[in-house]
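Here is the structure we will look at, set down as structure tokens.
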There are 2 protein chains.
Amino acid sequence: MSQQPTFKQLEKAQQGDSFDWEAVKKQVKYDDKGLIPAIAQQFDTKEVLMMAWMNELSLQETLQTGRVCYWSRSRQSYWRKGEESGQIQLLKDLRFDCDGDAILLLVDQTGPACHTGRKSCFYTAIHNNQAEILTNPIITPEELYKK
Amino acid sequence: MSQQPTFKQLEKAQQGDSFDWEAVKKQVKYDDKGLIPAIAQQFDTKEVLMMAWMNELSLQETLQTGRVCYWSRSRQSYWRKGEESGQIQLLKDLRFDCDGDAILLLVDQTGPACHTGRKSCFYTAIHNNQAEILTNPIITPEELYKK
């Protein structure tokens, strides 16, 4: 195998094949702002919790520490999930999609992932031309950010 | 309630509350290219299948037809999932996240979601500094695109 496998080359690989991450990571596709979308899914219940963004260094930190670190576009800074709310995301597995431009994070989320205090950010469903609220907060936002 | 509720206002709503989608949809946040990321999750197994992009019209078409339509950034055209491969995505539910800038699609995926013939696009995991292939194709790409 090539020392610098592209994601295109990984397509042909078989279950159990493995490649040097130091080589593969040079092929990860960041957008024109240097960011890649990352989906967080609760590892055991499989609930999709949130979607946020990573840059090269937040990805590296996440893999090194085992705690999820995003890049906050609104604050333009690293966002170590839970550093304000205490609701951290422990990394259970990190996966790339077939063309290396999206990440799936399997995590163990302490408490709610959403800043509203809901477990998941995806609580608004479109049903019969109505936007319907699916869940209530499990903690109030006031409780969440009081620390 | 306001006739044009913002996603910020929806945060305060309770489970079961509903709002006019025609009003809410004006608040959906597209990026500077007019796109919003959409995560597809198999509705029953909860496997995350893929992430792609929608624009305003592909979102509208998806809600109207119940078949998922993305916007292909590489082809710069509408991408009705399965129109080449036959592997369609029937929409079971469509959800927005708390700030209205990401979509979660609960779908029933016929066959593989991935163009490699694998069920999910997220088949490359990073373990112990290695990129490891998790799954094999369930159909060969040649079989998938022969029609």
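In what follows, chains carry the letters A, B, and so on, assigned in the order in which the sequence lines appear, proteins first and then strands, with residues in each chain numbered from 1.
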Notebook entry, point to check: To the nearest 0.5 Å, how far apart are CD in B:Gln41 and CD in A:Gln41?
Noted result: 6.0 Å
Item checked: Result of checking A:Arg95, A:Glu11, A:Gln15 against B:Tyr123 for side-chain contact (heavy atoms from CB on, under 4.5 Å) -> A:Glu11
Margin query: I need the residue from B:His115, B:Glu22, B:Met50 with the largest number of non-hydrogen atom pairs under 4.5 Å to chain A.
Written below: B:His115
Notebook entry, point to check: Does any heavy atom of chain B fall under 4.5 Å from the side chain of A:Thr135, the backbone, both, or neither of them?
Noted result: backbone
Next item on the list: Determine, using the 4.5 Å side-chain heavy-atom cutoff (strictly less than), whether A:Leu10 and B:Phe122 are members of one ILVMFWY cluster.
Entry: no
Check: Going by residue number, which parts of residues 126-134 of chain B are within reach of chain A, meaning a heavy-atom gap below 4.5 Å?
Finding: B:Ile126, B:His127, B:Asn129, B:Gln130, B:Ala131, B:Glu132, B:Ile133, B:Leu134
Margin query: With a 4.5 Å cut-off on side-chain heavy-atom distances among I, L, V, M, F, W and Y, is there a chain of contacts connecting A:Tyr78 to A:Leu91?
Written below: no
Checklist line | Close approach to chain A in residues 57-76 of chain B, criterion heavy atom under 4.5 Å | finding: B:Leu63, B:Arg73
Next item on the list: Flag yes if B:Met54 and B:Trp21 sit in one hydrophobic cluster, no otherwise; membership is Ile, Leu, Val, Met, Phe, Trp, Tyr, and two members link when side-chain heavy atoms are under 4.5 Å apart.
Entry: yes
Item checked: Greatest number of heavy atom pairs closer than 4.5 Å to chain A - which of B:Asn136, B:Val48, B:Leu94, B:Thr116 -> B:Asn136
Checklist line | For chain B, which residues of residues 97-107 of chain A have heavy atoms nearer than 4.5 angstrom | finding: A:Asp97, A:Cys98, A:Asp101, A:Ala102, A:Ile103, A:Leu104
Next item on the list: Would you indicate whether B:Glu83, at its atom CD, is surrounded by more than 12 heavy atoms from other residues, nucleotides or ligands within a distance under 6.0 Å?
Entry: yes
Item checked: Side chain / backbone / both / neither for B:Asp93 at chain A, heavy atoms under 4.5 Å -> side chain
Next item on the list: Sort by residue number and list every member of residues 27-39 of chain B having a non-hydrogen atom under 4.5 Å from chain A.
Entry: B:Asp32, B:Lys33, B:Pro37, B:Ile39
Notebook entry, point to check: Between NZ of B:Lys46 and OG1 of A:Thr45, what distance do you get to the nearest 0.5 Å?
Noted result: 5.5 Å
